[in-house]
Amino acid sequence: MTVAVVLFTSDLRLHDHPPLRAALRAADEVVPLFVLDPGIGAAGFDAPNRRAFLADCLADLDASLRERGGRLVVRSGPVVQQVGAIAAECGAGEVHMAAGVTRYARRREELLRTVLQERGATLRTHDAVITVVAPGAVTPAGSDHYSVFTPYFRRWSQQRLRDTCRGPRTVPVPVTVNGEPLPSRDAVPRVSPGLPAGGESAGRKRFRDWEASGLDAYDVQHDSLAGDMTSRLSPYLHFGALSPLELVREVSAHGGPGAEAFVRQLCWRDFHHQVMAARPASSVEDYRPRHDRWRTQDDAAEDITAWKEGATGFPVVDAAMRQLRHEGWMHNRARLLVASFLTKTLYVDWRIGARYFLDRLVDGDIVNNQLNWQWVAGTGTDTRPHRVLNPVVQGKRFDPRGEYVRRWVPELREIPDGAVHEPWRLPADRRARLDYPDPLIDLAEGLARFKHARGRI
């Protein structure tokens, strides 16, 4: 009786899962394994919202496996050690897993390959599991990656995609392999009250509902803050509860401008993955150094606190930060606004904002979080690194009636329409009755500081 191990990482699903499909072809029995890695917590990435969502994903994956005669084996400890122990216990000849792109993931694969080889087993990594196109599969002449999105998107769009894999009918698991109890969302403290349910089942239902109600208008509505017409699929993509390749195929078959716009957004994920694969240091270092003289944490402490708490006095910024605190998620347009406000107006190091997002976001990951922050801060792949998003102008454009602001900033619910974006312009007597802070900074002052600090715009 031959046995293979499937190590689940950021691919917590059964549909379109090449490592699982390959393991089922290669062996009579398969051990579906997930390792609760203490290294994640030690590195400060074990955020409550992601822990809770992960617990949902694992519970759903286990339930789906049990429907197919299997079960999920959960172990705690260093990943390499635990996988090696499982392979030895069941005599596995192969371990299958999705290929990673971060330094941590690549180092883990190297160590695991060495340990398995010493025991006579083989590690098989699979590309295009957490992305549509594998990082490095599309490269320009003379470079190992694309540094600008548009030419990458053109080449990416021309790629022949692999076929999707159906979910397995049965998953036979060795009865002798034991695991630990599944983690529970209820055991996780400080979870955002509006955090959605995780798991492949919830993700597929959310996609089907949104495909029917929001996809056709996505191209014209996805930036609307009040309309909230984004797919909200990012947490499911982050944990791999949904296959990005399957989504591309599904929405492409649906067709239309909305589908085309959504596929473009999925391409951004792949673009960032190929950048990070080629330049792993960009998780902590400027991809394109601008010699910024960022304000220090101590110097900007009060401003940073106000930004985190949604108390900057700029309504759309405060609304977005309060949404983050309540839902563990934030509208994409709002993410751009708050990041621009922190880095370009307050001139605070992008790493401080990126760290806070990782602490709060259920979809926070090193690849997309860090590179999106760098894009806004002007140290990343943006071809216009000095662009500044004015929160008043952006608020009026993407929340013209102030509905988004009123939803999250109750102090301003009585302010009419667009006036909600500039409460400081209200008559003095009415302004005095508002329980809402004065603006943290004059926008012109912030822009002047940014210009002076960079010395060129």
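- Annotation for E414: atom CD does not count as buried by contact number, only 12 or fewer foreign heavy atoms lying within 6.0 Å.
- Residue pairs meeting the ring pair (Phe, Tyr, Trp, His ring centres under 6.0 Å) criterion with at least one member in residues 19-41, sequence neighbours excluded, do not occur.
- Under the 3.5 Å distance criterion, the side-chain polar atoms of T343 are left unmatched by any main-chain donor or acceptor of V348.
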**Request:** Tell me, with the steps shown, if R322 and E327 meet salt bridge (Lys or Arg N to Asp or Glu O under 4.0 Å).
**Result:** CA-CA 9 Å; R322 295 183 194 190; E327 296 186 347; over 6 Å; no
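- In this structure, Y218 and W210 have perpendicular ring planes: the angle between them is above 60°, well past the 30° mark.
- A cation-pi arrangement, defined by a distance under 6.0 Å to the six-membered ring centre and an angle within 45 degrees of its axis, is present between R335 and W329.
- Screening R13, R166, R204 against E246 for a salt bridge (charged side-chain N to carboxylate O under 4.0 Å, His left out) leaves a single residue, R204.
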**Request:** Assess whether side-chain hydrogen bond (donor to acceptor under 3.5 Å, both in side chains) is satisfied between H238 and N368, documenting all intermediate values.
**Result:** CA-CA 9 Å; H238 168 63; N368 293 295; over 6 Å; no
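- Evaluated for a salt bridge (charged side-chain N to carboxylate O under 4.0 Å, His left out) with E110, the options R108, R107, R106 yield exactly one hit, R107.
- A 6.0 Å sphere centred on CZ of R264 holds more than 12 heavy atoms belonging to other residues, nucleotides or ligands.
- Under the 4.0 Å criterion applied to side-chain N and carboxylate O atoms, D37 and R75 are not assigned as salt-bridge partners.
- The backbone N or O of L161 sits less than 3.5 Å from a side-chain atom of R249, completing a donor-acceptor pair.
- Heavy atoms from other residues, nucleotides or ligands lying under 6.0 Å from CZ of R21 number more than 12.
- A heavy-atom distance below 4.5 Å is found between the side chains of W294 and R351.
- With R387 contributing its side chain and V376 its backbone, the two residues share no donor-acceptor pair below 3.5 Å.
- W307 places a side-chain N or O within donor-acceptor distance of the main-chain N or O of V338, the cut-off being under 3.5 Å.
- For the pair M321/M330, a side-chain contact is recorded, criterion being any heavy-atom separation below 4.5 Å from C-beta on.
- Rounded to the nearest 0.5 Å, atoms CG (L324) and OH (Y356) are 5.5 Å apart.
- Tested against Y146, the residues W156, Y152, F153 include a single ring-ring contact (aromatic ring centres under 6.0 Å, His included) partner, Y152.
- Taking the six-membered ring where the residue is Trp, the centroids of W375 and H272 are separated by 6.0 Å or more.
- Seen from the ring of Y347, R295 does not count as a face-on cation partner, given the 6.0 Å and 45° thresholds.
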**Asked** Going through the distances and angles, do R355 and D359 end up as a salt bridge (Lys or Arg N to Asp or Glu O under 4.0 Å)?
**Response** CA-CA 6 Å; R355 174 72 260 178; D359 290 341; 3.0 Å; yes
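- Looking at D60, its side chain never comes within 3.5 Å of a backbone N or O of L58 through a donor-acceptor pair.
- For the pair S340 (side chain) and L336 (backbone), a donor-acceptor distance under 3.5 Å is absent.
- A salt bridge links R66 and D62; the closest N-O separation between the charged side-chain nitrogens and carboxylate oxygens is under 4.0 Å.
- Note on ring orientation: taking the six-membered ring where Trp is involved, the planes of W268 and F271 are perpendicular (angle over 60°, cut-offs 30° and 60°).
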**Request:** Mind running side-chain hydrogen bond (donor to acceptor under 3.5 Å, both in side chains) on E200 and H15 for me, showing each step along the way?
**Result:** CA-CA 9 Å; E200 182 179 17; H15 292 83; 2.7 Å; yes
